[in-house]
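Here the structure is laid out as structure tokens; the discussion comes afterwards.
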Protein chains: 2
Amino acid sequence: MSTTPKTADGERALHLEQFVPYRINVAAVFASRALARIYGEQFGIGIPEWRVIAQLGEFGRMTSRDIGELSQMHKTKVSRAVSGLDQRGLVARSENRADRRESFVSLTAAGARVYAQIVPLALAFEQRWTEGIAPDELRTFERVLAVLTERGRLLAGTYREDGA
Amino acid sequence: MSTTPKTADGERALHLEQFVPYRINVAAVFASRALARIYGEQFGIGIPEWRVIAQLGEFGRMTSRDIGELSQMHKTKVSRAVSGLDQRGLVARSENRADRRESFVSLTAAGARVYAQIVPLALAFEQRWTEGIAPDELRTFERVLAVLTERGRLLAGTYREDGA
DNA sequence: GCTGATTAGTTGCAAGTGAAACTAATGTCA
DNA sequence: TGACATTAGTTTCACTTGCAACTAATCAGC
């Protein structure tokens, strides 16, 4: 694939359309946009809200801090997403008497219904998106993706989107 | 890797941390952040500006429309990036007498110097980022990424970020 | 148990974003 | 030639975002 092109003076040249950080970004934008359509148009839910719902649906009651850590979101993003979902009655907050700084967030019955409706749509999207790709190639893809994610986290520096 | 987990009632369950659209997004965010550090801190340049410079450095004089098409950016994003770079003297605009709606954009000498400085840094980043990954695995990764990008473009609907 | 550091979460603010409307120029077709 | 559609690029607007500052609560060490 990349044949390490060089300029006349021996320097390696850059071709944006082959530059992996750029390419992964473009792919991510398309995937996000397609997914956002699904839960945006049909449920009026954005990506941060979706991530909150997904975490709560999977793990049950948890704090905003844990939601942010698991879903890789900045604490302000989590805060706003939870507030919005709370106002719309999809999640409920309950005080933690043992530590009154934090509060537990959980899906309401309405929120659980939304979760149950979105999950099959999300999985169907992933299915259509990766359809026809050989399973072993997909596994390789996912393995490399995991390496790049972890190394990217380091190269991005001390910053973590959960705010620490 | 993904063993297609199911819930008690036979429905496939969703695990966000294994959900490919989510994972690719997280990886993209880390990569963008790390790269943005490089040309942000050292050159005061953001991602859209960087993409404009990269295209002009690779292809020479071109219109904003073409820049947007090649670098997958919305025309308003291109417009703002070009304006900013123009004000800072890194690009110049020249009228196309044959079609006065559009204008040609090209790197100035200063812009070309910035380009020449950033390219090796960007390539070095990519190198560090993908270091240690077996070449054939990386090729598979890139091939699958290309498929996902193209299919994502379709699944995202008629929308194209270049505005058409 | 008191003082300073840390943590969970919220809010103000400035910057960035895309959709839609807009301007100016060009293309199309009768 | 004239009327209408299309295109390149800009601007306006509403919305999202992350950072920094903030509040309230808990922890650490003496």
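Just the heavy atoms: all of them, side chains too, but no hydrogens, waters or symmetry mates, feed the values below. By convention in this document, chain letters (A, B, ...) are assigned in the order of the sequence lines, proteins followed by strands, and residues within each chain are numbered from 1.
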Report the distance from atom CZ of B/F30 to atom P of D/dG18, rounded to the nearest whole Å. 12 Å
Quickly work out the B/R97 CZ to C/dA25 P distance and round it to whole Å. 14 Å
Which pairs count as side-chain hydrogen bond (donor to acceptor under 3.5 Å, both in side chains) when at least one residue sits in residues 119-137 of chain B, sequence neighbours excluded? A/R143-B/E137
Donor-acceptor contact below 3.5 Å, side chain A/S83 vs main chain A/S79: yes
Separation of atom CG in B/N96 from atom P in C/dA24, rounded to whole Å: 19 Å
Mind calculating the distance between CZ (B/R37) and C1' (D/dC19) to the nearest angstrom? 14 Å
Here's a test for you: under side chain to side chain contact (heavy atoms under 4.5 Å, CB included), which of A/V91, A/V114, A/L90 qualifies with A/L107? A/V91
Under 3.5 Å, is there a donor-acceptor pair between the side chain of B/E102 and the main chain of B/R65? no
Rounded to whole angstroms, how far apart are CZ on B/R51 and C1' on C/dT17? 13 Å
Test: side-chain hydrogen bond (donor to acceptor under 3.5 Å, both in side chains). Region: residues 103-118 of chain A. Which pairs qualify, not counting sequence neighbours? none
Using modelled atom types and a 3.5 Å cut-off, is there a donor and acceptor pairing between side-chain atoms of B/E49 and backbone atoms of B/G84? no
Along nucleotides 7-13 of chain C, 5' to 3', which nucleotides get a B, which get an S, and which get a -, given that the test is a protein heavy-atom distance under 4.0 Å? BSBBBBB
Phosphate oxygens OP1/OP2 of C/dT17: is one of them under 4.0 Å from a side-chain N or O of B/H74? no
Determine: side-chain N/O of B/K77 to OP1/OP2 of C/dG18, distance under 4.0 Å, yes or no. yes
Length of the CE-P vector between A/M73 and D/dT16, whole Å: 14 Å
What is the distance, rounded to the nearest whole Å, between atom CD1 of B/I67 and atom P of D/dG9? 8 Å
